[in-house]
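Heads up: numbering here begins at 1 and tracks the sequence. Whatever order the structure lists ligands and atoms in, that order sets their numbers, starting from 1.
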Amino acid sequence: MTLPYAEPYRIKMVEPIYQSTKEERQKWIKEAEYNLFNLKSDQVYIDLLTDSGTGAMSDKQWAEVMLGDESYAGSRSFQKLDKAVKDITRYNYFIPTHQGRAAENVLFSAMVKEGDIIPGNSHFDTTKGHIEFRKGKAIDCTIDEAFDTDIYHPFKGNIDLVKLETVFKENDISTIPFIIITVTCNTAGGQPVSMENIKAVSRMCKSYGVPVLFDAARYAENCYFIKEREEEYRTKEIIDIAREMYSYGDGMTMSSKKDGLVNMGGIIALNDESIYRTAITFNIMYEGFITYGGMSGRDMGALAVGLYEALEYDYLASRITQVQYLGEKMAEFGVPVQKPIGGHAVYLDANKFVPTIPKEEYRAQALAIELYIVAGIRGVEIGTVLADRDPITRENRYPALELVRLAIPRRTYTHNHMEYVAAALKTIFDSRDQAKSGYRITWEAPIMRHFTAQFEKV
Ligand SMILES: *Cc1c(COP(=O)(O)O)cnc(C)c1O
């Protein structure tokens with residue numbers, strides 16, 4: 001008999017979470033103008049809004065917090081982090097920043113100018129934002145399979161080599177400062193990129209003289225998928241898979257709030273000395289001195305430890321298994337979820353779940369609200385509300401997929417919590433025919449409306 005999976009840690013400190021009543025939640029969500037971002041965290045029982053900065057630190061990380069050296073320049077905590085980043089990535093230079101988008105801001109200030117083109121696999125919103133803010137253009141070269149939720153492909157984050165080469169051939173190559181490989185591909189649902197693909201992309205980029213950067217927020221999870229799904233890597237250590245992956249690139253930016261296993265922080269690592277020199281000036285202007293870049297000493301110490309913990313096989317196996325377990329349990333109940341299940345989140349397909357609600361009444365938002373009212377679980381809408389209005393016509397844009405994302409924080413919730421989430425969704429799914437109406441927007445901001453929009457029931 002194979003034994004079931006269980007967490008490779010036990011709990012030393014607990015944080016109580018309040019199990020409210022349905023009546024309380026109905027009142028609170030109304031007061032929050034039916035926007036889940038407006039809820040107070042105490043009003044949420046299981047918070048699956050994001051896996052960014054919401055994980056639990058280990059005893060060893062907390063010990064580093066106590067050892068934090070808060071010297072302005074050259075602190076011991078910086079040295080620990082500097083050593084860890086270079087040991088894992090094998091890149092020559094490291095710059096700390098306060099979070100992932102800050103790393104993008106600093107590095108892109110040194111590398112991106114007006115008219116530049118940056119191909120990649122479904123760039124993350126902040127990455128795209130920092131490219132477009134500099135009047136550059138992000139071109140999505142993800143394989144077509146990524147856009148069909150019913151197709152099984154082990155590496156839906158892969159870059160399509162034909163699409164990439166077309167971008168290289170159709171543009172002046174000097175306008176392409178680098179390409180970005182996002183591992184795992186967040187926008188495509190936490191889908192991994194294969195080593196085979198990374199290698200092939202790297203080879204092509206070399207032949208055109210274009211550097212390769214990684215957006216490495218969830219690189220450890222990506223390396224786990226490589227180990228599980230690519231025969232050649234079955235017996236390799238995760239850290240060696242990571243080193244090999246980085247060897248095919250020239251640098252990386254990373255949000256430490258994901259696979260850094262800390263609550264705040266960001267990383268830039270790269271090989272090119274002249275880019276490093278330009279970037280550190282921007283780091284000093286935007287973030288702080290080059291040996292802290294917006295992080296306190298204690299945070300850098302905890303990150304130095306977290307980077308290694310995130311590469312431990314047992315940790316990754318339990319992390320990914322928990323996410324897969326939740327997704328498969330829901331699929332078993334018949335709840336429509338996006339497949340295959342990605343590394344950090346389960347996505348509910350609201351078009352299939354509640355087709356009875358008119359799409360003009362924000363199906364995914366309605367489903368996310370219902371999940372909160374029924375069970376105190378907070379997910380996030382990734383559908384029409386997020387897609388916003390067309391900037392010219394001001395009409396709502398209706399994306400192909402109306403999703404509710406349930407992102408799982410690292411080392412935070414137990415197996416029972418996952419059972420609870422799956423059962424709550426089954427309850428809602430079983431009475432889905434009664435869902436006839438959704439919500440209308442009563443107020444919205446001119447851009448990025450999803451964070452602050454106000455709704456009322458139709
Ligand atoms: C979270 C994230 C970022 C941005 O990082 P922040 O720490 O939130 O600023 C960039 N890329 C990817 C893939 C991410 O998931």
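- For ligand 1, the 4.0 Å heavy-atom shell takes in Q99, G100, R101, E104, F124, T126, T182, N186, D215, A217, R218, S255, K257, K258, ordered by chain and residue number.
- By the 30° and 60° cut-offs, the orientation of the rings of Y219 relative to Y246 is tilted.
- Within the model, atoms NZ of K128 and OG of S122 stand 8.5 Å from one another, a figure rounded to the nearest 0.5 Å.
- Atom CE of M285 sits in a crowded spot, with more than 12 heavy atoms from other residues, nucleotides or ligands closer than 6.0 Å.
- The aromatic rings of H450 and F37 sit perpendicular, their planes meeting at an angle over 60°, well past the 30° parallel limit.
- In this structure, R298 places its CZ atom where only 12 or fewer heavy-atom neighbours from other residues, nucleotides or ligands lie under 6.0 Å away.
- Aromatic ring centres of Y18 and Y45: separated by at least 6.0 Å.
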